[in-house]
Undergrad: 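What follows is a structure written as structure tokens; I'll ask about it next.
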Amino acid sequence: MTAQDPRPAPNHGFGIDVGGSGVKGGIVDLDTGKLVGERFKLATPQPATPDAVAETIAAVVAHFDWTGPLGVTYPGVVTEGIVRTAANVDDAWLGTNVAEVISKALGGQSVTVLNDADAAGLAEERFGAGRNNSGVVVLLTFGTGIGSAVIHNGLLLPNTEFGHIEVDGKEAEHRAASSIKERKDWSYERWTKEVTKVLVAVENAIWPDLIIVGGGISRKADKWVPLLGNRTPVVAAALQNTAGIVGAAMAAHGDGTG
Ligand code: BGC
């Protein structure tokens with residue numbers, strides 16, 4: 001912390017990562033990217049409507065007695081606080097001012113909402129697999145869908161949606177999400193052929209210096225990253241299940257989002 005830093009010590013933030021099965025949160029040390037204490041998780045309510053999810057977020061926040069600003073991830077495009085896409089979540093989210101709904105459930109606390117992959121990308125670039133790299137870093141998350149983040153010299157370009165670009169006549173996430181590997185019961189060899197096609201399409205369009213692969217399947221990265229045939233160096237995400245929380249907390253403080 002410098003003499004000019006306006007934030008009081010300790011430099012803590014709070015992040016919430018909203019996923020299909022769990023709403024996870026924690027207090028984040030914004031200087032180290034580490035959680036201060038535990039990561040707390042509650043089951044995602046079903047149906048996962050905005051109001052029900054907001055109530056669950058409020059319960060996670062209450063668990064920590066957190067009263068400051070918080071960041072929350074959403075698995076789709078959010079511009080000007082409004083949800084624009086809902087590829088793998090309930091359509092009820094479309095058009096919702098999501099920060100407002102959550103803030104209301106929290107009695108007016110300040111809430112910043114950003115895309116889930118953008119949050120993970122911010123955290124990985126600053127504290128994880130991209131920490132010693134400058135230039136353009138692309139993070140791709142492989143799960144139910146494919147999420148993407150682009151970070152240039154520490155600053156996020158929000159709402160890239162590389163999971164929805166068309167690759168060889170098919171949407172990237174319908175070709176190479178890890179859910180497709182599971183559904184088709186593909187081997188790593190078979191699935192990696194599809195992942196390579198997606199990575200080549202991304203690198204031909206944006207020429208990153210480094211690609212970070214995240215999502216649950218990145219825990220087995222040694223089984224498939226060596227099989228990839230694209231040209232940009234690829235590394236596995238390092239923060240695993242805290243990246244979304246850390247990135248959300250960073251965004252709530254304007255770290256990496258300008
Ligand atoms: C959504 C992205 C999201 C990704 C991972 C995609 O279907 O369009 O916004 O980041 O899934 O959740």
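Being a predicted model, the structure only gives us computed values, none of them experimental. Remember, it's 1-based here, ligands and their atoms both numbered in the order they're listed.
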Undergrad: Identify, by atom number and element, the atoms of ligand 1 in contact range of G147, meaning under 4.0 Å from any of its heavy atoms.
TA: 4 (C), 5 (C), 10 (O)
Undergrad: Considering only heavy atoms of E161, which atoms of ligand 1 have at least one such atom less than 4.0 Å away?
TA: 1 (C), 2 (C), 8 (O), 9 (O)
Undergrad: Report yes or no: is the cationic atom of K24 (NZ for Lys, CZ for Arg) under 6.0 Å from the centre of the six-membered ring of F40, at an angle within 45° of the ring normal?
TA: no
Undergrad: Between the candidates E173, R84, E171, which shows the shortest non-hydrogen contact distance to atom 6 (C) of ligand 1?
TA: E173
Undergrad: Has R231 got its NZ or CZ under 6.0 Å from the middle of the six-membered ring of W207, at an angle within 45 degrees of the ring axis?
TA: yes
Undergrad: Looking at S179 and T144, would you say the former's side chain and the latter's main chain have a donor-acceptor pair under 3.5 Å?
TA: yes
Undergrad: Do any heavy atoms of G76 fall under 4.0 Å from ligand 1?
TA: yes
Undergrad: Numbering the atoms of ligand 1 from 1, which are under 4.0 Å from a heavy atom of H164?
TA: 1 (C), 6 (C), 7 (O), 8 (O)
Undergrad: Do the side chain of W224 and the main chain of I217 share a donor and acceptor less than 3.5 angstrom apart?
TA: yes
Undergrad: Would you please test T232 and E203 for side chain to side chain donor-acceptor pair (under 3.5 Å) and show each step?
TA: CA-CA 7 Å; T232 311; E203 64 193 5; 2.5 Å; yes
Undergrad: Backbone or side chain, does any N or O of S148 fall under 3.5 Å from an N or O of ligand 1?
TA: no
Undergrad: Check each heavy atom of A87 against ligand 1 and say whether those closer than 4.0 Å belong to the side chain, the backbone, both or neither.
TA: side chain
Undergrad: Let's go through T56 and T44 carefully: what are the C-alpha distance in whole Å and the side-chain angles of both, what is the deciding distance for side chain to side chain contact (heavy atoms under 4.5 Å, CB included) to 0.1 Å, and is it a yes or a no?
TA: CA-CA 7 Å; T56 307; T44 305; over 6 Å; no
Undergrad: Taking N159 for the side chain and V78 for the main chain, is one N or O donor matched with an acceptor at less than 3.5 Å?
TA: yes
Undergrad: Any atoms of ligand 1 less than 4.0 Å from a non-hydrogen atom of I146? List them with their elements.
TA: 4 (C), 6 (C), 11 (O)
Undergrad: Does T144 have a heavy atom less than 4.0 Å from any atom of ligand 1?
TA: no
Undergrad: Show which atoms of ligand 1 fall inside a sub-4.0 Å distance from at least one heavy-atom site of D116.
TA: 3 (C), 5 (C), 10 (O), 12 (O)
